[in-house]
There are 2 protein chains.
Amino acid sequence: MSDGRQTSAVRGDTLLFLTDEQLRQGSEAMFFAYRGFTADPDRILADLTYGRAHHRAIHFIGRAPGTTVNNLLNILGVTKQSLNRVLRTLISDGLVESRVGRNDKRERHLHLTDEGRALEQKLSDAQRARLRAAFREAGPEAVAGFRTVLEAMMDPEMRASYAKLRETGQ
Amino acid sequence: MSDGRQTSAVRGDTLLFLTDEQLRQGSEAMFFAYRGFTADPDRILADLTYGRAHHRAIHFIGRAPGTTVNNLLNILGVTKQSLNRVLRTLISDGLVESRVGRNDKRERHLHLTDEGRALEQKLSDAQRARLRAAFREAGPEAVAGFRTVLEAMMDPEMRASYAKLRETGQ
DNA sequence: CTTGGAGTGTCAACAAGGCTGACATAAACT
DNA sequence: AGTTTATGTCAGCCTTGTTGACACTCCAAG
């Protein structure tokens, strides 16, 4: 039951009316979509001994090879104990390699091995397939809007991490 | 390092080029944005004895008052044991009321109590504030695109649940 | 009226993946 | 020489997901 509450804001010359109902629909869209977003990799991981946390680590190491543990901690937003549990298994399973830093020997630089890269491919192929289908279905303007809104939803530090990854990736 | 792979598709009269790099950025946007999306309610819940699972239950009960346990199970996509653990605490804490069905007495219809509604308000106010800010910042066309893409990312059953909630809510 | 199935609740055990706190080591910095 | 930084690790706890088993009530169909 909508109680008719709404909020308005001026952006440029555009007046926005955002009812609570519209915002609630936005929340629910995020919830259901995120489930879809993780579903395919999760299915693959279920067979292995790994979980979503391993996927995230592998993804970001693959994305920024040579990243340090601290850097990864910032991106993932978990404690070092949580991350270490994941990294330890990935390293001992030979998916990730940890190299002592040249300049700063305290740092560990993380890289995917060939095997690690293979799993990364497999997982992100599954995820990208869904994203690709959704992007095609929605069209380019919708995709642009999608990214704009998502970026605006991030915490500032996350937005910074996101921007940094975009630079290095492109 | 982008390897230049890309995929094309025709939608209507629009040709879409989707590089793996673009799709990866989409994934990362989802990841970072979802973190922002849950951050505010999580902070509130941390003080109470509740977690994100309680939030979800409260949200959907508030959204569809009188919903049955089975219905909620379908929406949330967890096992009845998981849901029951959450519902049990919410009911015994007086936030949720479970009423025996009139027609079918096997069913339990779930409702928020006044106290439950108060918490629901508090949590979704926090979440909506961020969403509202993001929607304002991004503008109406972006919001439309955002929802289109999210909807396209959902599993079909989830899209059905989502659509159903939209009907009853509006 | 009986019987099968549906809707719900619950116990037990387990796993993933968060968390805190404490401590250890090596390397860098001052 | 002393402090800080980067990392690793142990121990224990919590939430929230899982499977499997069992019980109870109630509806519906034969």
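Below, chain A is the first sequence line, B the second, and so on; all start at residue 1.
As a whole-Å value, the separation of A/E107 CD from C/dC29 C1' is 14 Å. Between the P atom of C/dA24 and the CG atom of A/N84 lies a distance of 17 Å, rounded to the nearest Å. B/R35 places its CZ atom 12 Å from the C1' atom of C/dG18, with the value rounded to the nearest Å. In this structure, B/I91 atom CD1 and C/dT8 atom P are separated by 11 Å, rounded to whole Å. Atom-to-atom, CZ of A/R56 to P of C/dG17 comes out at 8 Å; the value is rounded to the nearest Å. If you measure from atom CG of A/L48 to atom P of C/dG17, you get 12 Å, rounded to the nearest angstrom. Straight-line distance from the CG atom of A/L83 to the P atom of C/dA16: 17 Å, rounded to whole Å. Atom P of nucleotide C/dG7 and atom CZ of B/R102 are separated by 20 Å, given to the nearest angstrom.
In this model, no side-chain donor or acceptor of B/K80 finds a partner on the base of C/dG7 within 3.5 Å. In the interface, the side chain of B/R106 is paired with the base of C/dA6 through a donor and an acceptor atom under 3.5 Å apart. A donor and an acceptor atom never sit less than 3.5 Å apart when one is taken from the side chain of A/Q81 and the other from the base of C/dG17.
A/N71 comes within 4.0 angstrom of nothing in the nucleic acid, heavy atoms only. In this structure, A/R52 reaches the sugar-phosphate backbone alone: every heavy-atom distance under 4.0 Å involves primed, P, OP1 or OP2 atoms, never a base. Here B/H54 lies in heavy-atom contact (under 4.0 Å) with sugar-phosphate atoms only. Nucleic acid contact for A/R88: sugar-phosphate only, since backbone atoms but no base atoms lie under 4.0 Å from a heavy atom of the residue.
For B/N70 and C/dT8, the shortest distance from a side-chain N or O to OP1 or OP2 is below 4.0 Å. Dashed line: the shortest gap from a side-chain N or O of B/R108 to OP1 or OP2 of C/dG7 is not under 4.0 Å. The side chain of A/S82 contributes an N or O atom lying less than 4.0 Å from OP1 or OP2 of C/dC19.
Between B/Y34 and B/F37, the ring planes are tilted. Angles from 30° to 60° get that label.
Ionic pairing of A/R35 and B/D155 is not present here: no N-O contact between side-chain nitrogen and carboxylate oxygen is shorter than 4.0 angstrom. Ion pairing of A/R56 with B/E28 is absent here, as no side-chain N (NZ or NE/NH1/NH2) approaches a carboxylate O to less than 4.0 Å. With salt bridges taken as basic N to acidic carboxylate O contacts below 4.0 Å, none links B/K122 and B/D125. Salt-bridge check for A/R128 with B/E21: failed, with every basic side-chain N at 4.0 Å or more from each acidic carboxylate O.
The nearest pair of heavy atoms linking A/T89 to A/H54 is OG1-NE2, 3.4 Å. For the pair B/S161 and A/F32, the tightest heavy-atom approach, listed with the atom from each and the gap, is CB-CZ, 4.1 Å.
Nearest-nucleotide positions on DNA chain C for A/D104 and A/G51 put A/G51 closer to the 5' end. Each of A/N103 and A/R85 was assigned the nucleotide of DNA chain C with the nearest heavy atom; the assignment lying further toward the 5' end belongs to A/R85.
In the 5' to 3' direction, nucleotides of DNA chain D lying under 4.0 Å from heavy atoms of chain B begin and end at D/dT15 to D/dC27.
No side-chain donor-acceptor contact under 3.5 Å links A/Q127 to the backbone of A/D40.
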